[in-house]
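Please find one structure pasted underneath; my questions will follow.
Predicted, not measured: the structure shown is a model, and the values here were computed from it.
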Amino acid sequence: MSVQVNSFAKINLGLCIGALRPDGFHELRTVYQTIALHDTLRISVVRGMGIEIRCPDSRVPRDETNTCYRIAQRAMDAARAKGKVIVEIEKRLPVQGGLGGASSNAVATLLGLERVIRKPLSGPERLRIAAEVGSDLPLFLVGGPVLGTGRGEEVYPLPDLPPTHCVVVAPEIGVSTPQTFAEWDQIERSGGNAKLTLPSASDRISVFGRTVSSWLSGASSRTGVPGSGVPAHGRGRAETPLLDLVRTGIENDFEKVVFPKYPELRQVKRVLERQGAFYASLSGSGSTVYGLFGSGSAAQRAARALRKRKLSAHATTTLPRQQYWKMIFG
Ligand code: C5P
């Protein structure tokens, strides 16, 4: 038996890097948001044993370094199931792009496998297995807007937000996340430079927490629930809670290391802003840069302008939690 699973991408709405922890990970805070761009996976279990990854894209590993491989192994063990798992990946999301493609593929494998072997794992068990495989996996077990804490693997669903138009630009640059964290540490150790004087890690984390908390309480003070589509602060402003969130000034700390290294990515952000994005940012450690737009036509126009510059640009929308779960199995 086999099932087809849509494996959606995420963007980060702000990402704050905190202290380097004794376990080698960094404390972080971020708001993840799932978007409608996706890879498609087919998960099958046949007679035999082991795990086989099939993907025509040569950048995707087929061995145990593949997140799908690692999660399939753990899921089969946890469910005490037998058979050979085949994971076929139709890749559309960028590899090492900051959209969580590999992490999302792994969660899609887990969900697909549970269906095929008809042995659903408990919610906490799924989250444990996902977190073991990588910090960016558990968010895909929640979907919609998600608060990420710890090393990013502690996830809390945030009140849903209405779909927002979004342009995703994926330059052909693969950014290594561990390497970018290491470069961040170097900047911190050297005490910053003239352009970059960072507040302490714990101060940054506290500021991010206060910002998100006050957005949540501010946005809910009038409407009851952020994401209800009603303007957050009234007085006729046709603004969504998402706009309120990005207006708090949340930023992605990775821009401070990635943009100086790849100035063309800063340029993409500027083009998105010039094209009318109400917010533009690097996603994760990049190299994907996205912009949020007030209308579908503005998003389409911006995507066209970027494609004229020979960049791969897609107009899409953010994916609220309910739609995320509805669309996972097609
Ligand atoms: O969890 P994941 O496998 O995605 O992490 C890959 C690497 O990225 C880690 O080994 C670590 O070097 C770095 N990382 C980090 N802090 C985090 C998440 C990842 O330093 N919060």
Side-chain angles (χ1 to χ4, degrees), residues 7-21 23-35 67 71 93 96-108 110 123-124 126-161 164 166 175 177-178 180-181 184 201-202 204-216 219 226-227 241-242 245-246 248-258 279 281-286 288 290 292 318-321 324-325:
S7 166
F8 293 98
K10 59 84 179 165
I11 53 174
N12 295 82
L13 303 166
L15 188 156
C16 174
I17 307 174
L20 177 60
R21 312 186 322 188
D23 63 4
F25 286 87
H26 293 74
E27 190 64 23
L28 62 84
R29 299 284 182 275
T30 186
V31 175
Y32 302 107
Q33 168 69 57
T34 45
I35 60 170
T67 49
I71 208 156
L93 300 174
Q96 284 198 318
L99 294 180
S103 304
S104 172
N105 288 176
V107 170
L110 174 66
R126 278 177 176 175
L127 285 163
R128 181 188 64 76
I129 292 176
E132 258 178 44
V133 174
S135 311
D136 265 3
L137 270 70
L139 84 101
F140 292 107
L141 289 169
V142 181
V146 182
L147 177 65
T149 71
R151 59 182 166 90
E153 94 291 12
E154 288 176 29
V155 287
Y156 302 92
L158 290 171
D160 229 339
L161 304 166
T164 299
C166 177
V175 178
T177 303
T180 310
F181 271 116
W184 171 268
S202 64
R204 278 200 313 278
I205 287 277
S206 303
V207 169
F208 190 91
R210 283 197 293 269
T211 303
V212 173
S213 171
S214 78
W215 164 67
L216 281 169
L242 182 57
L245 171 62
V246 296
T248 60
I250 53 167
E251 286 180 354
N252 181 348
D253 278 344
F254 278 124
E255 289 186 352
K256 298 185 182 74
V257 237
V258 175
Y279 184 71
S281 171
L282 188 73
S283 184
S285 60
T288 298
Y290 68 86
L292 301 175
T318 60
L319 196 59
R321 188 165 303 117
Y324 174 78
W325 285 105

* Counting N and O atoms only, with roles assigned by atom type, does the side chain of Ser104 sit under 3.5 Å from a partner on the main chain of Gly101, one being a donor and the other an acceptor? -> no
* To do: Quick one: closest heavy-atom pair of Phe208 and Leu13, and the distance?
  => CZ-O, 4.4 Å
* Main-chain N/O of Pro241 paired to Trp215 side chain as donor or acceptor, under 3.5 Å -> yes
* **Salt-bridge present (Asp23, Arg151; N to O < 4.0 Å)** => no
* Sort out for me which residue in Val142, Ile35, Leu319 forms a side chain to side chain contact (heavy atoms under 4.5 Å, CB included) with Tyr324. => Leu319
* Asked: Are Leu28 and Cys16 side-chain neighbours, meaning at least one heavy-atom pair lies under 4.5 Å?
  -> no
* In Å, rounded to the nearest 0.5 Å, how long is the span from NE2 of His26 to OG1 of Thr177? -> 12.0 Å
* Glu154: what forms a side chain to side chain donor-acceptor pair (under 3.5 Å) with it, not counting sequence neighbours? -> Thr149
* Yes or no on side chain to side chain contact (heavy atoms under 4.5 Å, CB included) for Leu15 and Leu282, after CA distance, side-chain angles and deciding distance? -> CA-CA 10 Å; Leu15 188 156; Leu282 188 73; over 6 Å; no
* To do: Grab the two heavy atoms, one from Leu158 and one from Val31, that are nearest each other, plus how far apart they are.
  => CD1-CG1, 3.7 Å
* Asked: Cut-off 3.5 Å, side chains only: do Thr288 and Ser283 have a donor facing an acceptor?
  -> no
* Out of curiosity, Asp253 CG to Arg204 CZ, how far, rounded to the nearest 0.5 Å? -> 5.0 Å
* **Inter-residue atom distance Glu153.CD - Asp136.CG, 0.5 Å rounding** => 10.0 Å
* Give the minimum heavy-atom separation between Leu137 and Ala106, together with the two atoms involved. => CD2-CB, 3.6 Å
* Counting only N and O atoms by type, is there a donor-acceptor contact under 3.5 Å from the side chain of Thr318 to the main-chain atoms of Thr164? -> yes
* Asked: Should the pair Tyr290 and Tyr279 be assigned to parallel (<30°), tilted (30 to 60°) or perpendicular (>60°) ring geometry?
  -> tilted
* **Partner set under salt bridge (Lys or Arg N to Asp or Glu O under 4.0 Å) for Arg321, not counting sequence neighbours** => none
* Structure fact -> For Val258 and Ser285 the tightest heavy-atom approach is CG2-O, 3.6 Å
* Interatomic spacing from OH in Tyr32 to CD1 in Ile11 - rounded to 0.5 Å -> 13.0 Å
* What's the spacing between Thr30 OG1 and Ile17 CD1 if we round to 0.5 Å? -> 10.0 Å
* Using modelled atom types only, decide if a donor and an acceptor are shared between the side chain of Thr67 and the backbone of Ser103 within a distance under 3.5 Å. => no
* Mind checking whether Leu139 and Lys10 have side chains closer than 4.5 Å, heavy atoms only? -> yes
* To do: Compare every heavy atom of Asn252 with every heavy atom of Ser281, then report the nearest pair and how far apart it is.
  => OG-CB, 3.7 Å
* How long is the gap from CD on Gln96 to OG1 on Thr180, to the nearest 0.5 Å? -> 9.0 Å
* Which atom pair, heavy atoms only, marks the closest approach of Ala201 to Ala19? -> CB-N, 3.4 Å
